[in-house]
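Throughout, residue positions are numbered sequentially from 1 according to the sequence presented. Heavy atoms only: backbone and side chains are in, while hydrogens, waters and symmetry mates are out. Indexing begins at 1, ligand by ligand and atom by atom, following the structure's order.
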Amino acid sequence: MIEEAPKPKVVVLISGNGSNLQALIDNLGTEIPADIVCVISNRPDAAGLDRAKNASIHTRVIDHADFEQRELFDAALIREIDKHAADLIVLAGFMRILSNDFVRRYQGRLLNIHPSLLPKYPGLSTHQRALDAKDKKHGVTVHFVIPELDAGPNIIQAEVPVLKQDDAESLANRVQKQEYVIYPIAVKWFVEGRLQLHGDRALLDQEVLPESGLYLDSPHTLH
Ligand code: GAR
């Protein structure tokens with residue numbers, strides 16, 4: 001009997017609702033040929049933990065409030081991630097700043113999704129900032145994580161229009177719909193071995209991606 005090659009192992013870090021985690025779970029199997037081997041939350045009450053349990057995925061809570069220093073919290077995260085021999089670490093609404101040591105350890109296999117068209121609006125309250133600036137377009141970016149916050153090379157972006165009647169919540173909802181499209185695509189590329197971090201740029205199929213990342217203007221049309 002021919003044994004199947006083991007699937008790449010993915011660890012997902014969350015802090016809250018976990019709707020991006022859900023999008024990944026929904027695409028596991030043929031769409032994303034990988035196993036999510038553990039979901040780690042820094043908050044014991046994160047709803048995403050139930051999403052993982054419903055999919056029979058191992059969960060672990062490492063509560064940042066139990067640690068006096070960021071480095072000690074990050075060391076506990078590292079111990080858990082390394083137990084699972086993770087090939088890829090996916091930040092999916094993980095709302096803690098990671099230490100440089102953590103980021104360097106996993107650099108090149110650490111992805112994040114951020115709700116803005118990076119480099120615009122790193123940090124928090126991105127939807128309100130886009131509204132305050134009267135931007136006509138807003139969106140979301142998947143990027144490789146580097147020590148500088150929300151600054152790593154972009155992999156893929158999706159844009160949404162900002163409508164006259166939008167508030168931060170309606171805009172966030174429109175952006176999130178795109179998140180569920182682009183994050184699974186980026187994770188799929190990575191676990192298929194097509195996506196790499198090379199210096200300060202992302203490569204797809206050995207080709208340097210544009211600084212904005214690939215740009216998704218309608219579902220599944222990439223250019
Ligand atoms: C998502 O909108 C994600 O882009 C954002 O948190 C939300 C998590 O939602 N991430 C960041 O702001 C990271 N800087 P989810 O828990 O339902 O996936």
- Item | 4.0 Å heavy-atom contact, Gln22 with ligand 1 | no
- Task: Output yes when the distance from some N or O of ligand 1 to some N or O of Gly18 is under 3.5 Å, and no in every other case.
- Result: yes
- Message: Judged on heavy-atom distance to atom 5 (C) of ligand 1, which of Pro115, Gly16, Ala47 sits nearest?
- Response: Pro115
- Please write down residue, atom name and distance for the protein heavy atom closest to atom 14 (N) of ligand 1. His114 ND1, 3.2 Å
- Message: Minimum distance, heavy atoms only, to atom 13 (C) of ligand 1: which one of Ile113, Val12, Ile97 is it?
- Response: Ile113
- Under 4.0 angstrom from ligand 1, any heavy atom of Ile14? no
- Item | Salt-bridge present (Arg194, Asp205; N to O < 4.0 Å) | yes
- Might you confirm whether atom NZ of Lys137 has over 12 heavy atoms from other residues, nucleotides or ligands at distances under 6.0 Å? no
- Gln176 N/O to ligand 1 N/O under 3.5 Å: yes
- Exactly one candidate in Leu149, Val140, Asp150 meets side chain to side chain contact (heavy atoms under 4.5 Å, CB included) with His114; the answer is Asp150
- Would you call Gly48 a ligand 1 contact, heavy-atom distance under 4.0 Å? no
- Between the side chain of Arg129 and the main-chain N/O of Leu124, is any donor-acceptor distance below 3.5 Å? yes
- Item | Identity and distance of the protein heavy atom lying nearest atom 17 (O) of ligand 1 | Ser19 OG, 2.5 Å
- List for me each residue that meets side chain to side chain contact (heavy atoms under 4.5 Å, CB included) alongside Arg104, sequence neighbours excluded, and say none if there are none. Asn100, Asp101, Gln107, Pro147
- Task: Quick one: sort the Phe73 and Phe94 rings into parallel, tilted or perpendicular, breaks at 30° and 60°.
- Result: parallel
- Task: Could you tell me the residue and atom name of the protein heavy atom closest to atom 1 (C) of ligand 1, and the distance to it rounded to 0.1 Å?
- Result: Glu179 OE1, 3.1 Å
- Note on the structure: If you scan protein heavy atoms around atom 6 (O) of ligand 1, the nearest is Gly93 CA, 3.7 Å
- Item | N/O separation below 3.5 Å, Asn112 to ligand 1 | no
- Donor on one side chain, acceptor on other, His143 and Asn112, under 3.5 Å: yes
- Message: Run the side chain to side chain contact (heavy atoms under 4.5 Å, CB included) test against Arg201 and tell me which residues pass, sequence neighbours left out.
- Response: Val208, Glu211
